[in-house]
Structure formats: structure tokens, C-alpha cells
A.B. asks: 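Okay, here's the structure, questions in a sec.
Heads up: numbering here begins at 1 and tracks the sequence. Since we're looking at a predicted model, the values are computed, not measured.
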Amino acid sequence: MPGSPRTSVSAEHFDKAYRSRPDPWGTLHKPYEQEKFADTASLLPAARFRSALEIGCGVGALTRLLAPHCDQLLATDCSAAAVEQARKNCADLPHLAFATLRVPDELDAAGLPAHLTGPVDLIVMSEVGYYLSAPDLDLTAARIAALLAPGGHVLLAHWVHDEPDTAASTEAAPEIVTGHGVHKVFRDRADLRPIEGRTCHRHGNSYRLDLFQRVV
């Protein structure tokens, strides 16, 4: 998706997509998606995480790759239909929890289960940012940083295929959020520092991965 509209895409839009097709983006079987998720998980630091939050879990394809790295993982999506499917697809992983969560509105301590009300060690957001309006993305980044424990990590993954230069695109149309633009919002935060990042190319598509750490 090259850019988001002025307003954030509604949860109802995604619910309709997941109820019309079990896996509308083919995340469970498309080679591009499978390789992208493997690349995403490979960017995680070697340490195991006490608690983790996944934003935009879809049907749980990336969730399964994150699970071995986490003592507790809460996988969330704005679509209740997606969460239902993710829960079924990961039923063999008892240390996972699932919840419907809308960002940025419910992305705070009050919107999380009791066991995640404290600082979180890892937050992963894949293919979500450019569905948000620019103001909602700014608020999402701020709330993600606020939820992280000092030294905690945030991992981002977004499609950037055929995308114009970030600076040029954001100056020309500041209401449009691109994949590179999503990551720039996080890079520009003083409370996060970049650890590692790369742009990957698979099957004619490109995506950007970035790992950040909460400044102590």
C-alpha cells in the first residue's frame, strides 16, 4: 500500500476483509509473505523477551515466529475476525494471548490485559502504520514508546514497493503516510534509537525493517 488516506482505515474495513476470505493477504502460504516474516523475526535481538505485544497480528503467521522468543506474547488486531483466526491457528501455543485492539485509541496501559500493564519488553508492528492517518501514527508511536520498558525494543516492518523518496513524498502530501514515512516517524523520536535496519526485496516487492530501542 503506497500511502494511507487522510483518516485512519476503520476496523470495520478489515473485519469485512477477514470475514470474506480466511486469509485475505495470503500470509499463511505466499512465499513473499513467509520470507518477509522470517526476515522480520531474524532482526530480533538474541535475548528472550519477558513480555511482548504484537500490533496487527492478522491470522497469526508472524505470531508463530515471534512466539519462541517470548515468555508472554499478546497478539492483537483491530479486526475481531482476524483475532479469531489467529487464536485458532496458534492454539498449540499456550503462552500466547489474543485480543482485539484498535490503535491508537486503545494502545495504552488501560487497554492491555493485567499481565501487560507494566512496561513491555518488545512491541512488533508489521504492515499497520500506513493504514493510519498522520496524526494517529504520531500518537501510535508515542504510545508505543510509552509502553516500552527502558531498553525495550520496537520492531517495524512495512511494504515500500515503488514508493517515492520519503522526504519528497511527505513534503508534497503530508497527509499521506508511506512505508518509509512510517519508519521515519519512529526514527525522529528522541526516546527511541535505531539499532538495525534494512530494506529487503522479495518476489518483486520491497519492504523496510527497522529495530529500535527505548532510550534509558
A.B. asks: Measure the spacing between CZ of Arg198 and CG of Asp39 and express it to the nearest 0.5 Å.
C.D. replies: 5.5 Å
A.B. asks: Okay, side chain of Asn89, backbone of Gln85: is any donor-acceptor separation there less than 3.5 Å?
C.D. replies: yes
A.B. asks: Starting at OH of Tyr32, measure out to CG of Asn205 and round the result to the nearest 0.5 Å.
C.D. replies: 4.5 Å
A.B. asks: Do other residues, nucleotides or ligands put more than 12 heavy atoms under 6.0 Å from Arg193 CZ?
C.D. replies: no
A.B. asks: Establish whether Val128 and Leu139 are linked, either directly or via other cluster members, by ILVMFWY side-chain heavy-atom contacts under 4.5 Å.
C.D. replies: no
A.B. asks: Is His183 close to Val160 at the side-chain level, that is, under 4.5 Å between some pair of heavy atoms?
C.D. replies: no
A.B. asks: Taking C-beta and beyond as the side chain, do Asp210 and Pro194 meet within less than 4.5 Å on heavy atoms?
C.D. replies: no
A.B. asks: Taking Arg50's backbone N and O only, do any of them form a donor-acceptor pair with Asp121's side chain (distance below 3.5 Å, no angle check)?
C.D. replies: yes
A.B. asks: From Leu66 CG over to Leu93 CG, what is the distance, rounded to the nearest 0.5 angstrom?
C.D. replies: 11.0 Å
A.B. asks: Can you give each donor-acceptor pair under 3.5 Å made by side-chain atoms of residues 141-155, sequence neighbours left out, with the distance rounded to 0.1 Å?
C.D. replies:
residue : atom : partner : partner atom : Å
Arg143  : NH1  : Pro104  : O            : 2.6
Arg143  : NH1  : Asp105  : O            : 3.2

A.B. asks: Please walk me through it: do Glu33 and Lys36 pass salt bridge (charged side-chain N to carboxylate O under 4.0 Å, His left out)?
C.D. replies: CA-CA 5 Å; Glu33 297 290 349; Lys36 178 187 67 178; 2.8 Å; yes
A.B. asks: Determine the minimum heavy-atom distance between Ser133 and Ser8, stating which atoms define it.
C.D. replies: N-OG, 2.9 Å
A.B. asks: At what distance, to the nearest 0.5 angstrom, does CG of Leu62 lie from OG of Ser126?
C.D. replies: 5.5 Å
A.B. asks: Ring-plane angle category for Tyr18 and Trp25, please: parallel below 30°, perpendicular beyond 60°, tilted otherwise.
C.D. replies: tilted
A.B. asks: Check this for me, if you would: do Asp92 and Arg64 make a salt bridge, where the nitrogen-to-carboxylate-oxygen distance has to be below 4.0 angstrom?
C.D. replies: yes
A.B. asks: Nearest heavy-atom pair of Phe212 and Ile195: which atoms, and what distance?
C.D. replies: C-CG1, 4.1 Å
A.B. asks: Any side-chain heavy-atom pair from His203 and Glu35 closer than 4.5 angstrom?
C.D. replies: yes
A.B. asks: Check the hydrophobic clustering (I, L, V, M, F, W, Y; side-chain heavy atoms under 4.5 Å; chains of links allowed) and say if Leu156 and Val215 are grouped together.
C.D. replies: no
A.B. asks: Where do Arg214 and Leu192 land on the side chain to side chain contact (heavy atoms under 4.5 Å, CB included) test, with the steps shown first?
C.D. replies: CA-CA 5 Å; Arg214 180 74 160 86; Leu192 296 173; 4.3 Å; yes
A.B. asks: State, to 0.1 Å, how close Glu127 and Trp159 come at their nearest heavy-atom pair, and which atoms those are.
C.D. replies: OE1-N, 3.1 Å
A.B. asks: To the closest 0.5 Å, what do you measure between CZ (Phe186) and CG (Leu211)?
C.D. replies: 12.0 Å
A.B. asks: Applying side chain to side chain contact (heavy atoms under 4.5 Å, CB included) to Val182 and Leu132, what does each step give before you reach the verdict?
C.D. replies: CA-CA 9 Å; Val182 171; Leu132 302 173; over 6 Å; no
A.B. asks: Can you label the angle between the Tyr130 ring and the His158 ring as parallel, tilted or perpendicular, going by 30° and 60°?
C.D. replies: perpendicular
A.B. asks: Can you give me every donor-acceptor pair (side chain of residues 69-78, partner residue at least two apart or in another chain, under 3.5 Å) with its distance?
C.D. replies:
residue : atom : partner : partner atom : Å
Asp71   : OD1  : Arg48   : NE           : 2.5
Asp71   : OD1  : Arg48   : NH2          : 3.4
Thr76   : OG1  : Glu54   : O            : 2.8
Asp77   : OD1  : Ser79   : N            : 2.9
Asp77   : OD2  : Cys57   : N            : 3.4
Asp77   : OD2  : Gly58   : N            : 2.9

A.B. asks: Identify the two heavy atoms, one from Ser206 and one from Thr199, that lie closest to each other, and give their separation to 0.1 Å.
C.D. replies: CB-CG2, 4.4 Å
A.B. asks: Heavy atoms only: give me the nearest Val120-Ala52 pair and the separation to one decimal.
C.D. replies: CG1-CA, 3.8 Å
A.B. asks: Can you tell if the side chain of Asp136 reaches within under 4.5 Å of the side chain of Val103, non-hydrogen atoms only?
C.D. replies: no
A.B. asks: Quick one: CZ on Phe49 to CD1 on Ile123, what's the gap to the nearest 0.5 Å?
C.D. replies: 11.5 Å
A.B. asks: Could you walk me through whether Leu107 and Leu101 pass the side chain to side chain contact (heavy atoms under 4.5 Å, CB included) check?
C.D. replies: CA-CA 7 Å; Leu107 188 59; Leu101 183 77; 4.0 Å; yes
A.B. asks: What pair of heavy atoms forms the shortest contact from Glu106 to Thr100, and how long is it?
C.D. replies: OE1-O, 4.0 Å
A.B. asks: So, Asp23 side chain and Leu28 main chain: donor-acceptor pair closer than 3.5 Å or not?
C.D. replies: yes
